[in-house]
Protein chains: 2
Amino acid sequence: MTTSIKDVARLAGVSVATVSRALGDGPVSPALRAKVEAAIAQSGYRPNLSARRLRSQHTQTIGLIVSDIRNPFFTAVSRAVEDVAYRAGMRVILCNTDENPDKEAMYLRLMQEERVSGVIFAATRATADSLDAAALGFPVVLIDRAGAAASCDAVLLDNRRAAAQLVEHLLAAGYRRIGGLFGNTSSTGAERHAGFVEAMQRAGLPAPARFVAPSAAAAQTSVAAWLAEADAPEALIASNGLLLLGAAKAVRAAGFAVPERLALAGFDNDSWTELTEPGVTVIEQPVDDIGREAMEMLLERLRQPERPPRKVVLAGRLVARGSSLPRGSINAAGRSGG
Amino acid sequence: MTTSIKDVARLAGVSVATVSRALGDGPVSPALRAKVEAAIAQSGYRPNLSARRLRSQHTQTIGLIVSDIRNPFFTAVSRAVEDVAYRAGMRVILCNTDENPDKEAMYLRLMQEERVSGVIFAATRATADSLDAAALGFPVVLIDRAGAAASCDAVLLDNRRAAAQLVEHLLAAGYRRIGGLFGNTSSTGAERHAGFVEAMQRAGLPAPARFVAPSAAAAQTSVAAWLAEADAPEALIASNGLLLLGAAKAVRAAGFAVPERLALAGFDNDSWTELTEPGVTVIEQPVDDIGREAMEMLLERLRQPERPPRKVVLAGRLVARGSSLPRGSINAAGRSGG
DNA sequence: CTGAAAGCGCTTACAG
DNA sequence: CTGAAAGCGCTTACAG
C-alpha cells in the first residue's frame, strides 16, 4: 500500500542498499543518486521511521517529562527544549505527570519501551530521590528539581539563594512578618523553603510557612484562609508562578491593598505579573536557557556516556515591582513600581 | 544487550508467539501466561514499540501541530488532547510552526514518515486552504482555523459571532470609535475581522482594523503607534490572547486610563485578564472542550474512515469586566468589573 | 561505488 | 491453546 524502499529501488533500477545510502549520506555515484532521487520524487516515497529506528537502534527520540505543561515555566522550557531537539534531528515525547509518582513511573516505563535516547525530567521529590538512572537504560537530565542521588546531570536554579534574595528584598523594604507559600511535592519547594527559613533566621525572625498542592486553586484557597486569620502576614512570598497566581487572586478577592496591607512577591516572571496594578515583584528564571541547556547537556551525554555527571546552576534575577515597595516610601513614591 | 521477546521465550520455555500473545490479550492458557509473566518480571523485559509499530502497522501515534505552545490557548488545548490521547493508548508528537508555512510543510512530512494515525492541526490560512488531506495519507482534524476545503473534520469557535458579540457589547456600553487588532496569518484572524466589520456596519460605523504578526511584541508595537495617532480609537478589541496581551502592555506603557481613555476587550480568558485593574473583558473559549473534542473526533474518524467530514462549532462566552464598563456609568459604578 | 544477505524485535496468519 | 515461519521496512557489515 504505502511505497517502500523496495518500490523505489525497483523504479530506479538499483538495489535497496543503494537507495538507503542515497537517503543518508552514504557513498553513491552521482548517476545512481540522480536515478534514486527521480524515483523518490515520482513515487512520493517517505522513509518509515519505525523501521529505521528498529534497524539502526537509534530512536532519535527523547522524553520530556514535566508536571504540567500549563505551568508557564514548563511551557517555556518545553518550547526551548523542542527547538534544540528538532534542530538536532530528534523528536520529543511530552508527558504531564501532575506531580503524581504513579504517572511518573508509568511514563518512565513508556520511555523504556520507546527506547528513547534520553529523558529530561522534572521529577517530584519522591521520584528524584529514588531514581536509579543506571537501571533505566537511558541518561536522565533533571531540571528544576535535583535528586538526592548526584548520579544525574541536572540544570537547576539556585533555589535557596533566590528565595533568600526575595526575603532580603522584602526585609530591606521594611517588612517583618513575612509568610511563605510552598509546593508540597517538589524538591524545589523544599529548597526554596530552606532559603526562606535561612534568610528569616539570619534576621532573627520566625518563618511562618504553608505547604500546598502545586496548583493555583490550592494556593488561592490556602491564602484566602491565611489572610482571614488574626496573625495574617504583612508580606507573602510564593514559591512558583502557579502559587503566586493563586495568591494574587486570593489577595484581590479579599480586597487587600497591595503593598499597603500585604506585600507580595514570588517566583516566575509570568506575563501577568507585569500587568497587575501594582506589578508583582518576582524572581525571573532564565527559562529559555534552562531548556536549551538541558537539551544540550543531554546531547553531550549521548556523545560521552562516561563523562562524570554535571550540575549547571543558574541564577535567578530579581525583578522588583510595586507589590513590594518600601513601607515608608509608599505614599512618597506612589505605586509606580520598579 | 537489551532483552527481547526471544530471551523471555527462552526463559519461560515457550515460543515467542506465546509471549507475544501473553503481552496482548491473545488466547494463552493460565499456566503459560504465569510462566511468561514470571520470565518478564525476572528479565525486566520491555516491549520495543518501534518493532511493534513496524510489524503491526499501527503506530498509535498522532501529531499535534500548533503555532506556538506558549500561546495559552494552545497550551490548554494541547494538555486536553494529550490527556485523551494517552488514555486511549496513543502517543502525541507536538510541533510548533510559528505560523511558518515552511515549518508546517516540514512537520506534515515528518508526520508521514512517522506513519501517524492522524493529525490535529492549527494551520495557517495558506496551508489550510491548500491542504489535500487525501494525499497526506492520514486524517486531519483542523482546530481553531478552518480550511476553505471542507474535506477535513474541524473543531472551531464561531469566530464571526464571537467577534460580533464583543463589538455589540462595546456598542451597548456606549463606545463608537472601536478599533480592531487581528493576526495576519491565520484564518481565525480573518474570520474575527469579518465579524467585527459586520457588527460595525450594522451599527453604521466604520471599522478601522490593523493586522499584525501573531505575537505579543508585534501587537504592542502596533498598538503603541496607533495610540499615538490623532485618530486613536476609544475602544480596542484584540483577536487573540497574545495580541490582547501586547495591547494591554502598550496601553499601560502609554499611561491610558482604562476604560476612561481607552476601553479594551479581546479573545481568550487567560489568567492575567482577571488580575489587571480593571479586569479585561474577553471571549472565553472552551479550551478543554476543543482539545477533547478534536481528539475524540480523530479517534472516531480512525474507527470510521468513510464517515463524511464534520465540523463542530463551539460558542464563546463573553466575560464582561471593568475594561469595558459603560461610558456613562464609569463614575457611578466605579471599577468593580462585571 | 554497488549488491546480496542478514537481521533489528516484533505480530500474525497458518497448521496442528 | 500452541509453535514454526514469514515478513513489516529498513541498515549495515561483507564481498566484490
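Just so we're clear, the structure is a prediction, and the values are computed from it rather than from any experiment. Reminder, nothing fancy here: chain letters follow the sequence lines and each chain counts from 1. Below, each value reflects all heavy atoms present in this structure, side chains not excepted, and no hydrogens, waters or symmetry copies.
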**Message:** My understanding is that a pair needs two contacts under 3.5 Å, Watson-Crick or G-U wobble. By that rule, which nucleotide pairs with D:dA4?
**Reply:** none

**Request:** Tell me the partner of D:dA13, counting only Watson-Crick (N1-N3 plus N6-O4 or O6-N4) or G-U wobble (N1-O2 and O6-N3) with both under 3.5 Å; none if nothing fits.
**Result:**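 None - no nucleotide pairs with D:dA13, as no candidate has both distances under 3.5 Å.
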
Starting from [atom2] on [N], measure out to [atom1] on [X] and report it in whole angstrom.
X        : N      : atom1 : atom2 : result
A:Tyr45  : D:dG9  : OH    : P     : 10 Å
B:Lys6   : D:dA4  : NZ    : C1'   : 13 Å
B:Arg52  : C:dT12 : CZ    : P     : 10 Å
B:Leu49  : C:dC8  : CG    : C1'   : 15 Å
B:Arg115 : C:dC10 : CZ    : P     : 21 Å
B:Asp25  : D:dC1  : CG    : P     : 12 Å
B:Ile5   : D:dA4  : CD1   : P     : 14 Å
B:His58  : D:dG9  : NE2   : P     : 13 Å

Is a side-chain N or O of [X] found less than 3.5 angstrom from the main chain of [Y], in a donor-acceptor match?
X        : Y        : answer
B:Thr75  : B:Ile69  : yes
B:Thr59  : B:Arg115 : yes
A:Asn96  : A:Asp98  : no
A:Lys311 : A:Cys152 : yes

Where the side chain of [X] is defined as all heavy atoms beyond and including C-beta, which of [options] is the nearest nucleotide?
X       : options               : value
B:Asn48 : D:dT2, C:dC10, D:dG9  : C:dC10
A:Ser29 : D:dC10, C:dT2, D:dA4  : C:dT2
B:Ala51 : C:dC10, C:dA5, D:dT2  : C:dC10
B:Ser56 : C:dT11, D:dT11, D:dT2 : C:dT11
B:Pro27 : D:dC1, C:dT2, C:dC10  : D:dC1
A:Leu54 : D:dC10, D:dG9, C:dT12 : D:dG9
A:Gln57 : D:dC8, C:dC8, C:dT11  : C:dC8

**Complete:** One should read off an interatomic distance between A:Ile40 CD1 and A:Leu23 CG, to the nearest 0.5 angstrom, of 5.0 Å

**Message:** Just checking B:Tyr86 against A:Tyr107, ring centres under 6.0 Å apart?
**Reply:**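 Close enough - the centres of the two rings lie under 6.0 Å apart.
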
**Prompt:** With respect to the phosphate group of D:dG9, does any side-chain polar atom (N or O) of A:Arg55 fall under 4.0 Å of OP1 or OP2?
**Reply:**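 No, because none of the side-chain N or O atoms of A:Arg55 sits under 4.0 Å from OP1 or OP2 of D:dG9.
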
**Prompt:** Between B:Ser15 and D:dG3, does any side-chain N or O lie under 4.0 Å from OP1 or OP2?
**Reply:** yes

**Request:** For D:dG16 and D:dT12, measure between their C1' atoms and round to the nearest Å.
**Result:**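 Each nucleotide's C1' atom is 16 Å from the other's.
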
Touch check for [X], heavy atoms < 4.0 angstrom, all strands: base, sugar-phosphate only, or nothing?
X       : result
B:Arg46 : sugar-phosphate
B:Leu32 : sugar-phosphate
A:Ser20 : base

**Asked** So, does the side chain of A:Arg21 form a donor-acceptor pair with the base of C:dG3 at under 3.5 Å?
**Response** yes

